[in-house]
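Remarks on the structure that follows.
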Amino acid sequence: MDCVLEASGQVRSRIEALLSLGIANSPMAGARIRVSSGNFLTAKPMGVVDGIDMQLTGEVRRVDRKGINRLLDERSIVLLSPLGYSPTGEIFNLACEDVATRAAIDLGADKLLLFGADLGLIDENGRLVRELRPQQVPAHLQRLGNNYQSELLDAAAEACRGGVARSHIVSYAEDGALLTELFTRDGGGTLVAQEQFEVVREA
């Protein structure tokens, strides 16, 4: 847990530093972006899974929706870390996909963005799957097995089932992947949506 706390603190500080950039003669000059973080996540222990005690690994129990919305209304960026706190003061290590999914559902987000090493979901022929319905996801999860790509896909489907209109899986390794996914017709990753994005109909 000491390593988790150290890594989380370092990453948070780096993100806050990047969002504090205000170089003169740049688009960020005088931007004054405020970043807020805190104990917005209440966690519970994961317990024993398949005979293994997960100890300080936890799950999200509750998201402080009112506290986050108050800061968003004040035009702050809310930074959620993969750490949750129990009512007894314990610290639990959480999966970032679990945090993102629960936060998106509880806050009523329009979109959830998930980042992985691959462009998105790759099918058995090595092609990028550009669009999926949540009910199509279980077949792909069975094919993928237990890996990080399947965790991202499962999180995207869960968010859609929880009321998030669209979940996007994009690559953190490809420059401009997020812009391509959000601002081009074909996108650059995998979209999991409640409704079909492209509908072909008779002219």
Side-chain angles (χ1 to χ4, degrees), residues 1 4-20 31-47 49 54-116 132-135 137-138 141 148 150-170 172 178 181-182 189-195 197:
M1 181 53 74
V4 172
L5 292 171
E6 182 179 352
S8 176
Q10 287 181 356
V11 171
R12 185 186 67 198
S13 297
R14 287 171 183 166
I15 292 173
E16 290 174 351
L18 290 171
L19 291 172
S20 299
R32 299 299 301 166
I33 298 174
R34 288 183 297 173
V35 185
S36 300
S37 58
N39 57 342
F40 299 115
L41 301 173
T42 302
K44 61 182 179 181
M46 189 174 287
V49 179
M54 303 306 289
Q55 298 183 17
L56 294 178
T57 299
E59 297 175 331
V60 177
R61 181 192 297 270
R62 187 177 62 84
V63 177
D64 183 3
R65 184 176 57 199
K66 289 184 179 179
I68 293 173
N69 279 326
R70 190 178 300 115
L71 290 168
L72 293 176
D73 290 340
E74 294 173 358
R75 304 189 67 81
S76 295
I77 292 177
V78 178
L79 185 60
L80 298 178
S81 72
L83 296 175
Y85 310 96
S86 73
T88 58
E90 291 179 288
I91 304 173
F92 289 101
N93 183 25
L94 309 174
C96 57
E97 304 82 28
D98 185 28
V99 171
T101 302
R102 285 294 305 275
I105 293 171
D106 289 0
L107 293 171
D110 295 323
K111 292 179 184 287
L112 171 62
L113 299 168
L114 298 164
F115 291 88
L132 281 173
R133 306 281 79 67
Q135 56 269 27
V137 167
L141 292 178
Y148 189 61
S150 66
E151 292 177 14
L152 291 177
L153 187 59
D154 189 36
E158 182 183 347
C160 286
R161 287 191 289 266
V164 179
R166 296 179 181 176
S167 297
H168 301 263
I169 302 174
V170 295
Y172 60 72
L178 177 59
E181 174 66 11
L182 295 181
T190 297
L191 168 67
V192 180
Q194 297 175 359
E195 297 180 359
F197 179 65

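All heavy atoms count here, side chains included; hydrogens, waters and symmetry mates do not.
- Among Val63, Val99, Val78, the one residue that satisfies the side chain to side chain contact (heavy atoms under 4.5 Å, CB included) test with Phe40 is Val78.
- Between the CG atom of Leu19 and the OG atom of Ser76 there is a distance of 11.5 Å, given to the nearest 0.5 Å.
- Taking CD1 from Ile91 and CG from Leu56, the interatomic distance works out to 9.0 Å, rounded to the nearest 0.5 Å.
- Using a 4.5 Å heavy-atom threshold, the side chains of Arg70 and Asp73 count as separate.
- Judged by distance alone, the side chain of Arg133 and the main-chain N or O of Val192 form no donor-acceptor pair under 3.5 Å.
- Expressed to the nearest 0.5 Å, how far CZ of Arg161 lies from OG1 of Thr101 amounts to 10.0 Å.
- Counting only heavy atoms from C-beta outward, the side chains of Leu182 and Leu113 approach each other to under 4.5 Å.
- The shortest distance between side-chain heavy atoms of Val170 and Phe115 falls below 4.5 Å.
- Rounding to the nearest 0.5 angstrom, the gap separating the CG atom in Leu153 from the CG atom in Leu141 is 5.0 Å.
- The minimum heavy-atom distance linking Val137 with Ala157 is given by the pair CG2-CB, 3.7 Å.
- We find the CD-CZ distance between Glu59 and Phe92 to be 10.5 Å, quoted to the nearest 0.5 Å.
- Contact annotation: the side chain of Glu97 approaches that of Tyr148 to within less than 4.5 Å [non-hydrogen atoms, C-beta and beyond].
- Atoms CG and CG, from Leu71 and Leu79 in turn, are 11.5 Å apart once rounded to the nearest 0.5 Å.
- Counting heavy atoms from C-beta outward, Leu191 and Glu181 have side chains that approach closer than 4.5 Å.
- Atom CG of Asn39 is surrounded by 12 or fewer heavy atoms from other residues, nucleotides or ligands within 6.0 Å.
- Formation of a donor-acceptor pair under 3.5 Å by the Gln194 side chain with backbone atoms of Cys160 is found in this model.
- Counting only distance, with no hydrogens or angles, the side chain of Arg34 and the backbone of Glu74 share a donor-acceptor pair below 3.5 Å.
- Contact annotation: the side chain of Leu152 never approaches that of Thr190 to less than 4.5 Å [non-hydrogen atoms, C-beta and beyond].
- Listed here is the closest heavy atom pair of Ala155 and Leu112: O-CD2, 4.3 Å.
- Across every non-hydrogen atom of Ser81 and Leu41, the tightest pair is O-CD1, 3.6 Å.
- Shortest non-hydrogen contact noted between Arg102 and Val60 is NH1-O, 2.9 Å.
- Among all heavy-atom pairs drawn from Gly162 and Ile105, the shortest one is O-CG2, 3.6 Å.
- Arg65 and Leu107 get closest at one heavy-atom pair: CG-CD2, 3.8 Å.
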